[in-house]
Structures are given as C-alpha cells and as structure tokens.
Participant: 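Following this message is one structure expressed as structure tokens.
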Amino acid sequence: MNFVEEIIRLFDRSLIISCWKYIFPVLVVAYLIIFLYDKHLYGGKKVKEAAPSEKLDGIEYVGEIDSEGFDPTPVLEEKEHVPFAGATVFLDNDPHKAAFRFYKIVNNRRSVRQFSSRPVDISIVEKCVHAAGTSPSGAHTEPWTFCLVSDTEIKAKIREIVEAEELINYQQRMSKQWTTDLKPLKTNHVKEYLTEAPCLILIFKQTYGLKVDGSKKQHYYNEISTSIATGILLCALQAAGLNSLVTTPLNCGPALRHLLGRPVNEKLLVLLPVGYAAKDCTVPDLQRKPVEDILVKY
Ligand code: IYR
C-alpha cells in the first residue's frame with residue numbers, strides 16, 4: 001500500500017470532504033477579514049518589513065555582517081577635542097534668577113487637550129525642534145526623528161488610526177484600574193485634538209542607524225536619548241508660548257510609521273499635538289509635589 005492510500009485509510013475520506021464544507025467558508029471569511037483590516041490600516045499598500053540584512057532605504061551592504069545586521073569589525077571615528085566655552089547664564093547674569101525664571105516657565109506648562117484653530121507659525125516649531133536636537137544622546141548618535149504634520153488630510157488619517165486602536169485599548173487592552181485612574185483626566189478613545197491642533201509632532205526613536213555602506217550602526221540608549229530630546233522640546237514649545245500634549249498611542253506605532261513612510265529602524269515614541277489652547281479649555285486641578293518630596297540631598 002502506498003503512502004497516499006495509507007493516509008486516506010487513516011482519515012475517513014468522506015469525513016474530510018464533509019468537514020471541508022465548513023472549513024472552506026471559514027477560511028474565506030477569515031482571509032476577507034484580514035484583507036479588509038489590512039486595507040483599513042495601510043490603505044491596501046503592503047509594506048514589507050525588511051530583514052536585518054536586506055536592502056533598506058535603497059542602500060545595500062556588501063561587507064561582512066552579523067546575524068543582527070551589524071558589522072562585527074569595530075570602526076573608530078576619531079573626534080577632535082576643543083576648549084569648552086562654559087555654561088551661559090542669562091537674565092542679569094544672575095543664576096538664581098535664571099533658574100527661577102526657568103522654573104516659572106515650565107511650572108506653567110499643562111497638558112492641553114482642547115486646541116483652538118489659531119494657526120501656528122511653523123518656523124517657531126522648527127526652532128523648538130532645533131533646540132530638541134541639542135539633547136545629549138548615547139555616544140552622540142542622535143537617534144531621533146521628529147515628524148511635523150500640519151497637513152489636514154494626514155492629521156485626519158492619523159486620528160482615524162489612533163481612534164480605532166484607542167477604542168480597543170480602552171475596551172480591552174487597558175486594565176480596569178488603568179481606565180479608572182484616567183477618569184479624573186476625562187480621556188477616552190475620541191481624540192479631537194488630533195485634528196483640531198494645527199500641528200502634530202510624531203517623535204520616532206531610531207533603534208539603530210545606517211552607515212553609508214548600508215551596515216547598521218548601534219544607537220545606544222536610543223529610547224532614553226529620544227525621551228530627553230522630547231523633554232527639551234516640551235520646554236522649548238512652552239517657552240515659545242505654545243501648548244502641547246504628550247500622547248503615547250498604544251499599538252499605533254507601525255500603522256503611523258507606514259502612513260508617514262518612515263523606515264523600519266524607527267519606532268514611534270510619542271505623539272505631540274501642538275498649538276494654542278482653546279478659549280474654553282479646562283485642565284484638571286492637579287498639584288505638583290514640593291521639591292522637598294522629590295529631592296534627596298547628601
Ligand atoms: N493613551 C490613552 C490613555 C492614556 C494613558 C495615560 I498613562 C495618560 O496619562 C493619558 C491617557 C489616551 O491618550 O487616551
């Protein structure tokens with residue numbers, strides 16, 4: 001008896017055929033659901049995730065690479081050292097006044113969820129991003145990308161992606177305690193600020209970089225570095241009189257990355273709506289911890 005006959009003998013043929021009557025329609029429906037969901041997220045455009053050794057951004061690597069796509073041979077990039085100019089104290093050359101003034105600026109900052117339609121001068125935001133780019137980073141790798149979106153249609157698409165995911169987040173992914181903790185902030189899956197704010201800044205951490213030869217470059221502490229840069233950006237926006245909100249849209253990273261055409265080494269860290277608070281904007285009456293509670297002196 002040959003192999004095929006043996007298989008047919010083992011499984012009753014008529015049983016398999018009768019099962020397929022049910023299995024086949026289920027498979028077709030499952031495929032349709034996956035297809036429609038994919039089309040909804042990525043507009044039908046299939047974007048392939050590049051494997052580490054694959055071509056990325058049109059650069060192909062020709063040398064030796066390890067399984068992660070990094071060149072195993074250390075490369076020394078020499079840096080000249082120059083005399084340090086020293087810290088600058090503005091405000092009457094008085095460091096106390098300068099520190100207090102900075103405190104006053106940042107203490108005024110509140111997370112704003114209702115924005116007015118008052119337009120923002122993009123060149124101000126650009127200057128703030130310029131300031132954010134002065135952030136320290138692991139081995140000076142500067143592992144960040146700031147995507148500034150003011151296009152109405154792209155903002156609408158971003159809102160669509162975020163609201164679809166946030167609905168699932170609020171209903172299923174976030175714990176009961178989490179949604180209860182958020183009740184005082186009056187947040188939910190509806191994100192009007194994503195279309196009301198004149199601009200959105202999507203901040204991506206670059207999990208690795210690319211050298212000119214196409215091999216990968218280590219981006220040490222890329223999340224910490226990008227978070228520090230984000231902090232500087234928030235201060236700069238506040239100093240320029242702009243309002244902002246830090247949002248971390250859970251599960252939206254890949255879809256937003258595809259939408260903005262960012263490469264696979266970039267992962268969304270935060271999304272900031274930026275603009276001017278609406279006239280009737282309200283914020284929760286929160287208190288900040290006194291310095292004695294957050295500072296331990298030795
Ligand atoms: N990302 C959700 C939930 C959320 C989570 C935290 I932690 C907040 O401080 C605020 C909101 C949202 O944006 O609604």
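In listed order, ligands and their atoms are each counted from 1.
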Participant: Tell me whether Y170 has any N or O atom under 3.5 angstrom from an N or O of ligand 1.
Facilitator: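 N/O-N/O distance under 3.5 Å: yes.
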Participant: Does atom OH of Y170 have more than 12 heavy-atom neighbours, drawn from other residues, nucleotides or ligands, at distances under 6.0 Å?
Facilitator: yes
Participant: Check each heavy atom of L250 against ligand 1 and say whether those closer than 4.0 Å belong to the side chain, the backbone, both or neither.
Facilitator: neither
Participant: Is the shortest N/O to N/O distance between K191 and ligand 1 below 3.5 Å?
Facilitator: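 In this structure, K191 places an N or O atom under 3.5 Å from an N or O of ligand 1.
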Participant: Got the closest protein heavy atom to atom 7 (I) of ligand 1, with its distance?
Facilitator: W178 NE1, 3.8 Å
Participant: Which of the numbered atoms in ligand 1 are under 4.0 angstrom from any heavy atom belonging to L182?
Facilitator: 3 (C), 4 (C), 5 (C), 6 (C), 8 (C), 9 (O), 10 (C), 11 (C)
Participant: Any N or O on E166 sitting closer than 3.5 Å to an N or O of ligand 1?
Facilitator: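 For ligand 1, there is an N or O atom that lies under 3.5 Å from one belonging to E166.
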Participant: Could you tell me if the side chain of L271 sits less than 4.5 Å from the side chain of L194, heavy atoms only?
Facilitator: yes
Participant: Quick one: does S244's side chain have a donor or acceptor within less than 3.5 Å of a partner on L234's backbone?
Facilitator: no
Participant: May I have the step-by-step check of side-chain hydrogen bond (donor to acceptor under 3.5 Å, both in side chains) for T141 and Q218, ending in yes or no?
Facilitator: CA-CA 8 Å; T141 47; Q218 292 275 6; over 6 Å; no
Participant: Pick one: which of N222, N265, T145 meets side-chain hydrogen bond (donor to acceptor under 3.5 Å, both in side chains) with Q206?
Facilitator: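 With Q206 as partner, N222, N265, T145 yield a single side-chain hydrogen bond (donor to acceptor under 3.5 Å, both in side chains), made by T145.
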